[in-house]
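Letters go in sequence order (proteins before strands), and every chain restarts at 1. We use all heavy atoms of the structure for the numbers below, so side chains are in, but hydrogens, waters and symmetry mates are not.
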Amino acid sequence: RPTVCVSDRLVQNGSCEAVEESLKPLPLQRKTKCSQEELGKAQQRTNERETQKMLQQQERERRKALANRWKAQRPEECLKHIQAVLDPGLLQIEGGGLVLTALQAMECSCVIENQAVPCSITWRRKTGLGQAEEDNWTEEPNLLVLVLLEEFVAMIHNYKQVSMEGPNETLQSFAANVMKKTPGKTLALAVVELEKYFRLECCCLPTVNSHGNRGKANTVPNLSRLDVEEGLVALQLQTGIQVRLLESWKEFADFASTFTKAVAEAPFKRERDKTSFSFCLEGDWIGGMKVDRFGKGLLQVWKRQIQQFNRVSLETANAIVAKYPSPLLLKQAYDTRPSRQERHNLLAEIPVRRGDGVTATTRRVGPELSKRIYLQMTSHNPDLSLDATG
Amino acid sequence: QSSDRDASPRSSCREPRAGLLKPQFSFHPGNFDVILCVDFIETTGGPTSRKQDLVSELQRHNVPFSIRKLHIGDFLWVAREKVLPAAGQPQPPAARELVLDYVVERKRMPDLCSSIIDGRFREQKFRLRQCGISHPIYLVEESGSAQHLSLPEKTLQQAMTNTQVVDGFFVKRTRDLRESAAYLTLMTRQLTRLYEDKTLLSCTKEELEQERPLQPSAGSCRLLTFAEFNEGAVKNKAQTVSEVFARQLMQISGISGDKAAAILERYKTPASLLAAYASCPTPRCQEQLLSDVKCGKLQRNLGPALSKTLAQLYCTSGPLP
DNA sequence: GAATGTGTGTCTATCCA
DNA sequence: GTGGAC
DNA sequence: GGTTTATACACACATT
């Protein structure tokens, strides 16, 4: 199907049906016994009003709750409903405290908990459904993991040594383990002070170590930046995971803050993208025409409405609007044409003057555009394709 | 190494048209090469420019590449079938090409700035998201981001992280053009390894949109022909009545996407709206017809002012002011 | 939305009869 | 508890 | 006669 974003908009109407339901039982009753009838009427009115009030209040409260939840996702307030969850391992690293400081400087709450993944950050959002104070949070589908420099270097090195297919951990296996522990989450990695490692690797002699398998065995000699890039590209192509290389802990703190903001604003932006028309962002899109309270400018609006069709030049729109200076006049013209062919070609022969003076060539609107405009003005099928060759 | 026919800048930039009409074909392992495609703009900034450095770097790394006019993205990779020269034919038949599932948008910091300001940034991301390629990549060159750009450093970092977190794009940061070339080189090599053992099936965009069950780990994958991809990124898509109606509504100031959608929710077509206006017993009723249409977030009234303006537009029998 | 600031208009709230 | 406010 | 208070709050639109 064509790329229209008229797509899935929320249809949020629960109130109308209920109201109509309550208004239904109102048939007239014959007068037989005055007192009873009066009583019944009164009862009916009372019940009716009670029902209406109840439903109205329920709907109003529901709408307010929904509105508040939507407001909570706006860029300005969304951070206030977010809490960042830091693994204590982060704070035990030198410079890890900067992350806590940076996050606390933002207007989001911040807690330290043991995470399933060491040195990771996750985020929670207040649902807003909680009438009881606090405690209902939903996990955001994001996970940011700080990879210790030594482990990162080791994993790059292990990937380089394709010969040894032992238990040596690579970025891929590391990522796989992380995602196994946190199903359904989008993983992002960060590494700090890799450049410092390279500088030390150059200046100082390579510290040759026994090939200890597990992590803490440190710097592997002769790791080049190319090796790192190789490993990163491999990780990208095999898992789609991206690794942020940072020069300092300050940069990591800034990145964590930026990342937090992005996570907080993500639902808002995604919802907007869903429920907005794609053509608003098209490069040649022009904003609405200003029109005063008595209709000055509506002719320009009408002309620009004609230009919303594909392949309509300014001159063509001018010609059509000159012939039919309002939508209603065009519709009435269609109504007075008895045959379908006449309606299709109503605008086809309208002359369109192109160019200036000597080079002026006069053509016509043409049957193709004429038909498209006819279909647009008269069809009751919203999904009808105007460009279909039928 | 395998220097491509199109690798020389002076060689022809013909774009293979084969494949558009062919319903389906496939490449089998060993019968195709992976080639990096470079957008024409990335190499022709003029002789005074340093754009040729990229070509030099790619040539220095023996990267098989081809320079073309890409209608979206700056780099991508195609699998080109190996064609055997037919007997007596000076030129082998036109090689068919399938575009791999990765596309790169290169952005230098000044470009990123201007893109964000004039709104092209969002538009590009939208087009990349639905161009038919599953893995868009933003290649950002932060050439000493300390430079005074028209936007603060913090803003740009936020934009890049948003692209990663919100849009789900892969964001590769690079220090300069040389590192970018190195990245493209590595990508080319590893993509070659990734795809060389797979069976590549040609596929249309429509088929791809309904289901793409094959992830890059499967033994085969369905890919667009380069011709369909590149043409599809520029051609005007078919319009529907409701889409054009929404665009028409938004021609008047004050009618935004949410407002137009709310109106469309009640009257999905110009005909139905005109019919509703015709059913109104009084002009007063016409003015208020859309006044209580619930708009946007949750059910905010369109209001009497816009309702009246719309009534004027669609109910005025004589010429419009 | 990049981020922030500016003006149109509705919306919510009172007070009071 | 409704509805207007100049 | 036929519009309407007063404040807050959005939204559409315009700028560094």
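The same atom, P, is picked in C:dT14 and in E:dG1; the two are 34 Å apart, to the nearest Å. Distance noted for atom P between C:dC16 and E:dT3: 27 Å (whole Å). For the C1' atom pair drawn from C:dC11 and E:dT7, the interatomic distance equals 10 Å after rounding to whole Å. Comparing the same atom, C1', in C:dT4 and in E:dC11 gives a spacing of 15 Å after rounding to whole Å. Comparing E:dA10 with C:dT6, their C1' atoms sit 13 Å apart, to the nearest whole Å. Comparing D:dG1 with E:dA6, their C1' atoms sit 23 Å apart, to the nearest whole Å. Taking the C1' atoms as reference points, D:dC6 lies 9 Å from E:dT5, given to the whole Å. For the P atoms, the distance from C:dA13 to E:dG2 is 32 Å, rounded to whole Å.
Distance B:Ile252 CD1 to E:dC11 C1': 15 Å, rounded to the nearest Å. Note: CZ (B:Arg300) to P (E:dA10) measures 7 Å, nearest angstrom. The distance from atom CG of A:Leu79 to atom P of C:dA3 is 11 Å, rounded to the nearest whole Å. One can place CG of A:Leu281 at 11 Å from P of C:dA2, the figure rounded to the nearest angstrom. Spacing between atom CG of B:Asp111 and atom P of C:dA2 amounts to 16 Å, rounded to whole angstrom units. Rounding to whole angstrom units, CZ of residue A:Arg63 and P of C:dC11 are separated by 10 Å. Taking atom CD of residue A:Glu76 and atom C1' of nucleotide C:dA3, one finds them 12 Å apart after rounding to whole Å. For the pair A:Arg272 CZ and E:dA10 C1', the computed distance is 11 Å after rounding to whole Å.
A:Lys261 comes within 4.0 angstrom of sugar-phosphate atoms only, judged by non-hydrogen atoms across all strands, and of no base. In this structure, B:Gly254 reaches the sugar-phosphate backbone alone: every heavy-atom distance under 4.0 Å involves primed, P, OP1 or OP2 atoms, never a base. Within the nucleic acid shown, B:Lys154 has no heavy atom closer than 4.0 Å to any nucleic acid atom. In this structure, B:Pro152 reaches neither bases nor backbone, as no heavy-atom distance under 4.0 Å exists between it and the strands shown.
Checked by atom type and distance alone, the side chain of A:Thr182 never pairs as donor or acceptor with a backbone atom of A:Lys185 at under 3.5 Å. Between the side chain of B:Asp167 and the backbone N or O of B:Phe169 there is no donor-acceptor pair closer than 3.5 Å.
With DNA chain C read from its 5' end, the first of the two nearest nucleotides for B:Arg122 and B:Pro304 is the one closest to B:Arg122. Ranked by how close their nearest DNA chain C nucleotide is to the 5' end, B:Thr155 and A:Lys64 are led by B:Thr155.
A perpendicular orientation is assigned to the rings of A:Phe252 and A:Trp249, their planes being inclined by more than 60° (bins at 30° and 60°). Using bins of under 30°, 30° to 60° and over 60° for the plane-to-plane angle, the ring pair B:Tyr138/B:Phe121 lands in the perpendicular bin.
Between B:Ala246 and A:Phe279, the shortest heavy-atom contact is CB-CZ, 4.0 Å.
Annotation: cation-pi pair B:Arg247/A:Phe277 absent, no NZ/CZ under 6.0 Å from the ring centroid and within 45° of its normal.
Taking 4.0 angstrom as the limit, B:Ser253 places a side-chain polar atom (N or O) nearer than this to OP1 or OP2 of E:dC13. Considering only side-chain N and O atoms, A:Lys71 lies under 4.0 angstrom from the phosphate OP1 or OP2 of E:dA10. Between A:Arg74 and E:dA10 there is a side-chain polar atom (N or O) within less than 4.0 angstrom of OP1 or OP2.
Nucleotide E:dT3 forms no Watson-Crick or G-U wobble pair with any nucleotide shown, as no partner meets the under 3.5 Å limit on both distances.
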